[in-house]
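These values consider heavy atoms only, across backbone and side chains, with no hydrogens, waters or symmetry-generated copies. Every value quoted in this text rests on a predicted model; they were computed, and no experiment measured them. In the text below, chain A, chain B and the rest are named by the order of the sequence lines, each starting its count at 1.
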4 protein chains.
Amino acid sequence: MPEMKEIGIITKTTSSHADEVMGKLVPWLTGRGVKVRMQEDYRGLADGDSIAVPREHVPDGVDMVLVLGGDGTLLSAARLLEGTNQPILGINLGSLGFLTELGLDEIFEALEKVLEGEYTIESRVRLEASLHRAGEQIGHYQVLNDVVINKGALARIIDLETFVDGHKVTNYQADGLIISTPTGSTAYSLAAGGPIIEPTLDVFVISPICPHTLTNRPLVIPGGSRVELCLLSDSGAVFITLDGQEGTRLKQGDCVRVRVSDQKVNLIRTGVRNFYDVLSAKLHWGHR
Amino acid sequence: MPEMKEIGIITKTTSSHADEVMGKLVPWLTGRGVKVRMQEDYRGLADGDSIAVPREHVPDGVDMVLVLGGDGTLLSAARLLEGTNQPILGINLGSLGFLTELGLDEIFEALEKVLEGEYTIESRVRLEASLHRAGEQIGHYQVLNDVVINKGALARIIDLETFVDGHKVTNYQADGLIISTPTGSTAYSLAAGGPIIEPTLDVFVISPICPHTLTNRPLVIPGGSRVELCLLSDSGAVFITLDGQEGTRLKQGDCVRVRVSDQKVNLIRTGVRNFYDVLSAKLHWGHR
Amino acid sequence: MPEMKEIGIITKTTSSHADEVMGKLVPWLTGRGVKVRMQEDYRGLADGDSIAVPREHVPDGVDMVLVLGGDGTLLSAARLLEGTNQPILGINLGSLGFLTELGLDEIFEALEKVLEGEYTIESRVRLEASLHRAGEQIGHYQVLNDVVINKGALARIIDLETFVDGHKVTNYQADGLIISTPTGSTAYSLAAGGPIIEPTLDVFVISPICPHTLTNRPLVIPGGSRVELCLLSDSGAVFITLDGQEGTRLKQGDCVRVRVSDQKVNLIRTGVRNFYDVLSAKLHWGHR
Amino acid sequence: MPEMKEIGIITKTTSSHADEVMGKLVPWLTGRGVKVRMQEDYRGLADGDSIAVPREHVPDGVDMVLVLGGDGTLLSAARLLEGTNQPILGINLGSLGFLTELGLDEIFEALEKVLEGEYTIESRVRLEASLHRAGEQIGHYQVLNDVVINKGALARIIDLETFVDGHKVTNYQADGLIISTPTGSTAYSLAAGGPIIEPTLDVFVISPICPHTLTNRPLVIPGGSRVELCLLSDSGAVFITLDGQEGTRLKQGDCVRVRVSDQKVNLIRTGVRNFYDVLSAKLHWGHR
């Protein structure tokens with residue numbers, strides 16, 4: 001494992017714990033000879049070995065990115081890392097998350113391990129989506145969780161003609177459709193009735209939201225598949241959202257193409273807990 | 001059964017069949033001594049015994065309302081009949097519906113029966129909903145299918161504190177919530193995972209849409225219950241829609257109260273097919 | 001409310017807590033002038049005002065039955081009370097149940113209230129089922145939770161022709177069918193995908209178990225309905241079970257008729273917690 | 001593609017169509033210089049180029065196996081082919097199946113293509129299961145659809161401690177558990193709420209049957225995973241069944257280990273229809 005000489009820290013600044021943690025964490029790291037890049041919010045902590053930069057420049061040239069926050073913070077950090085292979089370590093400032101499965105009390109133990117090279121990298125697939133209108137590509141996106149096509153609250157049911165590898169699957173008539181990675185399978189897709197998918201698998205899943213046709217069940221397809229979804233209906237506001245963050249309005253005739261991206265997200269795993277531990281805790285499998 | 005001396009006809013005018021049907025139906029009725037009130041679209045068919053009036057005046061004083069269209073047309077006719085006990089007979093211009101369970105080829109047979117008094121009335125509960133903001137009632141609605149509180153496509157998950165008869169049930173964290181009558185149980189609520197409810201029951205059902213908490217399952221409650229839903233989150237666009245037709249934006253702190261209305265919708269049943277026949281046909285229970 | 005002069009106690013004797021509780025409870029009751037009838041297991045506690053009798057005679061002539069155990073103990077107590085109106089108070093010796101929603105630490109507070117008449121009676125519907133073979137009735141049962149028709153592990157999918165009030169509903173092809181009361185809606189039916197039904201409603205629900213036809217969804221029907229289920233297939237071992245306790249093997253051609261019984265189960269409610277409190281606790285609605 | 005010089009035919013002899021089809025098919029094949037091995041039931045059709053042998057010897061040495069029947073017939077043929085790479089072509093004698101997706105009217109067109117080498121081979125994963133009791137392996141099985149652990153109709157809920165790659169997942173408390181291949185995902189697993197899985201994927205899915213814990217959702221895991229299920233409860237009759245065909249009673253403490261087998265099932269695809277065509281037809285995705 002490569003040595004961690006410089007670490008970037010992406011922080012959920014709205015968390016009440018963040019300041020306190022950063023106050024301990026930064027000197028702890030620099031004291032071990034690790035350089036730190038952090039958000040400008042922590043300018044006060046900067047000294048020779050730690051510098052404060054605009055959030056989008058935190059990852060520049062670092063050996064790894066430490067995320068302090070929830071799963072949403074990690075998703076946004078992953079967007080900053082597009083085009084790089086930099087590994088991410090997620091520490092949750094609140095209750096455990098699926099992506100940030102370490103708690104605050106485990107932060108130094110985990111970092112010790114990482115600095116000593118006692119970790120593994122778990123690669124997670126991202127999806128790459130493009131939006132096509134009248135023969136032209138008008139949008140291009142990368143997600144770690146999901147691409148969602150969803151109707152507005154006042155819109156009528158939408159009609160999405162769906163193809164996998166050029167084969168017509170069906171016209172989904174539904175509130176929307178979730179195209180989810182394994183990582184995203186425990187997020188929105190699960191709420192819509194999708195399966196849990198082991199996060200390292202090279203597959204993705206199409207989960208319809210409230211389908212009119214009751215037999216339209218979630219469909220798990222190979223990572224090598226190309227999905228195309230075309231909006232047939234003209235039913236008012238229909239949007240594409242990416243990892244729950246951005247939104248673009250679709251017009252009738254628009255097509256969205258989704259495939260697994262060449263770029264993975266590399267998560268640092270220190271072996272404190274595994275996927276099944278987190279799953280069991282988050283879904284309360286210990287009790288009814 | 002009261003004699004049908006005057007019949008109002010509410011028509012889905014966008015249907016390609018409507019003109020042809022009206023051309024046969026109106027003289028058939030007047031030839032049997034029945035007066036007809038119809039929409040202005042059919043002005044050309046008017047003579048001494050049949051008159052064309054604005055749609056909202058079609059029901060005025062008639063003994064029954066004949067609906068030619070789909071379930072949506074019948075829902076809108078039911079809104080026109082608020083405050084009356086006038087019975088409705090639904091004839092579907094396309095494929096069978098849950099509310100319009102007679103086909104075009106059955107129209108004259110059914111009307112013969114009705115004119116001879118060979119029919120029964122099936123009363124269906126409506127829901128009455130009111131919207132409260134800062135201590136004031138700012139909206140009041142009646143529905144035959146459902147009251148839906150739903151987030152917009154770009155809004156984050158919503159948080160609805162829910163009470164039944166003053167008892168806290170839970171804070172639903174979901175895309176939305178459907179409060180459905182038995183009649184509405186085969187519409188949107190079914191797509192959201194709700195049960196099928198025999199349509200004459202005096203109950204209603206709360207079905208969450210994509211709930212974050214997987215154990216939030218549809219809840220069937222007595223017709224006498226009072227439901228209150230208060231929007232705790234401030235997550236962007238959240239709307240209340242009524243029978244899928246109207247929409248009002250909710251603000252944080254708004255509360256919606258829902259109860260069974262004193263006013264029923266009276267459907268004319270001629271015994272051609274019953275609820276289970278329609279259910280079985282619509283849900284393809286004959287085959288896998 | 002009638003005075004409680006004599007109380008029968010039905011106990012889950014396999015519970016490790018039962019002995020200790022009985023040792024305190026019996027003198028507490030007799031000290032308040034209440035006579036006690038208990039199971040022979042507690043013969044050692046008997047004195048002039050408390051007597052030990054065979055379990056099935058515990059209810060004889062008592063003003064109420066106290067159940068110490070879980071929901072299963074209460075179901076079996078309800079069977080002993082068939083044909084009577086004797087009210088039941090359920091105290092759970094372990095974690096809370098849907099029927100035994102009081103904990104051990106609440107037992108004396110609850111009994112104080114009951115002895116002072118500060119309680120209400122909540123009537124719950126039972127189902128009455130009869131088994132018919134070759135024109136003859138060969139079994140008759142009462143249940144508080146559910147009537148289940150289920151295939152054995154090695155049997156092939158079963159085919160149940162189903163009628164409600166003489167109308168054909170469908171031929172369910174499934175692992176089985178659960179006919180559940182509102183009380184039973186939070187037990188097996190919930191695991192099979194059925195809705196939660198407010199427990200005082202006069203309705204029941206037909207929930208298919210793993211239906212072959214994915215559109216076969218749970219069906220809530222009026223308490224006045226008559227259900228008939230006939231086994232068409234000859235697929236090996238198929239059984240009817242009643243409240244999960246008894247089992248009879250069905251033969252091809254056998255029909256089971258189910259209706260709401262005239263006899264209710266009367267539960268004593270002391271207002272410590274209501275249905276929604278229990279629901280929320282049991283289904284972990286407080287957290288994800 | 002290798003030349004098809006000798007074809008084995010496995011037939012569902014209970015089908016009323018089989019005799020007629022065989023009467024045409026066998027001379028059609030021998031007339032094209034293809035040798036035929038068929039079941040003894042068709043002894044009457046045997047001549048120099050076609051021979052009748054015991055069913056289990058039909059596949060001996062043939063270049064491909066033609067299955068005439070339903071999906072069940074193909075599953076049983078696949079069992080006969082364990083340890084070989086012989087490809088299978090499935091022709092359905094009734095309505096289309098997921099494995100036998102060609103109809104009788106397409107048989108000669110499909111065979112023409114196969115004889116001319118115009119086909120592809122689609123490899124499907126099998127599962128390999130072993131049963132362990134008191135430290136000893138007492139059973140070993142191969143399946144194409146699923147391994148099912150299921151309680152008998154009279155048994156109480158079962159408790160299965162479940163591990164993936166040595167990591168504890170949870171103790172499933174349920175009626176049973178289905179471990180399904182992608183091929184099996186459209187069979188029993190689908191009825192239990194499992195996802196549809198594209199059939200060529202190297203994954204498998206654990207779908208609980210009526211789990212007590214409502215958050216126990218289907219779990220898709222890598223083909224390289226090792227699953228171990230141990231029966232903790234002593235609740236009466238619990239059985240393991242393999243492709244719905246064999247059954248062995250499990251005892252408390254028994255463990256079942258499941259992994260993807262090294263042996264695939266090779267299906268011949270002639271391009272007449274693809275997986276999505278069959279899915280759409282079988283699940284009625286063309287209409288509600």
(message) Test your reading of the model: is there a side-chain donor-acceptor pair from C:Trp285 to the backbone of B:Thr215, 3.5 Å cut-off?
(response) yes

(message) Between B:Val220 and C:Ile196, is there a side-chain heavy-atom distance shorter than 4.5 Å?
(response) no

(message) If you define the side chain from C-beta out and look only at heavy atoms, does anything of C:Asp165 sit under 4.5 Å from B:Tyr276?
(response) no

(message) Nearest 0.5 Å, please: how far is OG in C:Ser280 from NE2 in B:His167?
(response) 13.5 Å

(message) Suppose a student defines contact as a heavy atom less than 4.5 Å from any heavy atom of chain C. Which residues in residues 145-156 of chain B would they list?
(response) none

(message) Rounded at 0.5 Å granularity, tell me how far OG1 in B:Thr213 sits from NE2 in C:His284.
(response) 11.5 Å

(request) Kindly indicate, with the supporting measurements, whether the criterion side chain to side chain contact (heavy atoms under 4.5 Å, CB included) is fulfilled by C:Leu219 and B:Glu198. (result) CA-CA 7 Å; C:Leu219 176 61; B:Glu198 202 274 351; 5.6 Å; no

(request) Name the member of C:Val205, C:Val164, C:Val203, C:Leu279 that forms the most heavy-atom pairs with chain B at distances under 4.5 Å. (result) C:Val164

(request) Considering only heavy atoms and a distance below 4.5 Å, find which of B:Asn171, B:Ile221, B:Ile197, B:Asn216 pairs most often with chain C. (result) B:Asn216

